[in-house]
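Below is one structure, written out as structure tokens, with a few remarks after it.
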Amino acid sequence: MPVLSKSLKITLAAAVVLAAGAATVVAQDAIAERKAAMKSVGGAFGPVVRMVRGQADFDAAVVLASFTTMNEVAMRYGELFPEGSETGGETKASPAIWEDRAGFDAEVSRFQEVTAAAVAAAPADLDATRAVFGPVGQSCGSCHEKFQLSDN
Amino acid sequence: MKRIALTLVVLIAAGAIAFWALTIPQPPSATRLAAITAHNADAVRGETIFWLAGCASCHSVQGADGDARLELVGGYQLQSDFGTFVAPNISMHPEDGIGAWSLTDFAASIIAGVSPDGRHYYPAFPFASYRRMTDEDIADLWAFWQTLPAIATPADQPVTALGFPFNIRRGVGLWKLAFLSDAPFVDPASLPDDPQIARGQYLTEGMGHCGECHTSRNFAGALNADVWLAGAPNPSGRGGIPNITPHPDGIESWSADDIAFSLESGFTPDFNSFGGTMASVVKNYANVSPEDRLAIAAYLKAIAPLPDAN
């Protein structure tokens, strides 16, 4: 077995430390990024919720823009939960995401489908908005029930 | 020396007899049970009670939707400082579930936490809250129960297995002596005299059993009324259960409409969607009347604002 030179050992050790550090940075970035992504979904949904609750006047352009934003985020949502980002940054992601990846991916797919359907519907009035609002809201709740911790 | 030994034996025997006598499972009074069975029960009303009481959140399969939430096969694992409780099958299956029970069996479990064969239930089953339910509501709930499906327990479903001494069910008798009460958690005299708030108090403190998660517990696992609904550690070990009092640490900024809407839709005023068990609770509240959701909201706006307790 070849004996590693001292300098090589130090280099290797440094590489390992750097790699671990880099992985941590990537994980923390993923946590920050998915929090921002989720906030943008909530931010986009807000005006639609206010219209459905009768707190704002119906505006078809705002509704379409909201669902479009939600669908754009939905399309990249599955990438924001890499291995190594299970904890840290006060994440509310449940360990179940990494224990049941297929189940999580199915919820993300559902989120993509219902938001795509909402965009395609391009609701022209409040009743049409309500019809697509329900499935989108249920998709949020269904995924959060299984894959988000309770503390919100 | 012999005398000391004899005294010890006598003391131990007296202690054992006292423990035995104090921990005898006590069913509700015959008068109470007679009043419950005398009620002309209404299964349709009972369905609303079923959702208000949240039975499906622990006793149906996690993540279940629609009619699958009526399949009360159990299996949900509730973590605690005392071990992991597994929700049992309470479907209408005659052997695996509670299909062979009578209304008085059902009432005894809800009011006194006592099984038909005279054993204590652990207070993970929230009878300490449920016992505030009226005779009518208990009878109506059981009438609705008769319409639910019978589901056999899967062979691989775990059962509750606690460590010593919590595995001795008889010990729950002492817990009941110390903590089981009919008294309201919030003194009604401290609340505005308003039928809507009174209804909200009944729903929240009783069948809604909101305090079971949102209130911190003492060393023995009983709810601490001094920090009523001011939040609690999450028994799963990560995060916390939120403070829902009208305090800046809680939901002071939410209007009563915001609270009612969150119960109906799962959306907070800043458009987050409830996670974990609260998402399941929302599936229950989606099936109750707007008036009841608003009553709970009115009560939550009326109780004392308290800083976070977790």
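Predicted, not measured: the structure shown is a model, and the values here were computed from it. Lettering of chains follows the sequences in order, A, B, ..., and the numbering in each one begins at 1.
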Could you check if a side-chain atom of B/N272 sits within less than 4.5 angstrom of a side-chain atom of A/K92, using non-hydrogen atoms only?
yes
For a 4.5 angstrom cut-off between non-hydrogen side-chain atoms, does A/K39 reach B/F271?
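They are not in side-chain contact.
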Please indicate whether [X] has more than 12 foreign heavy atoms, meaning atoms of other residues, nucleotides or ligands, lying under 6.0 Å from its [atom1].
X	atom1	value
A/Q55	CD	yes
A/D125	CG	yes
B/D270	CG	yes

So which of A/G42, A/G141, A/G46, A/G43 has the biggest tally of heavy-atom pairs under 4.5 Å with chain B?
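The residue among A/G42, A/G141, A/G46, A/G43 with the greatest pair count is A/G46.
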Before you tell me yes or no, could you show the steps for B/D258 and A/R53 under side chain to side chain contact (heavy atoms under 4.5 Å, CB included), namely the whole-Å CA-CA distance, both residues' side-chain angles and the distance that decides it to 0.1 Å?
CA-CA 10 Å; B/D258 287 338; A/R53 287 181 73 183; 3.2 Å; yes
Mind listing the closest non-hydrogen atom pair of B/G63 and A/E145 along with its distance?
N-OE2, 3.5 Å
Nearest atoms (heavy-atom pairs only) where B/F267 meets A/C140:
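That closest heavy-atom pairing would be CZ-SG, 3.9 Å.
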Chain A contact via B/N243 - side chain, backbone, both or neither, heavy atoms under 4.5 Å:
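Nothing of B/N243, per the 4.5 Å heavy-atom cut-off to chain A.
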Can you measure from OG (B/S273) to NE2 (A/H144) and round to the nearest 0.5 angstrom?
5.5 Å
Rounded to the nearest 0.5 Å, what separates atom CD in A/Q148 from atom CZ in B/F274?
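Those atoms lie 10.5 Å apart.
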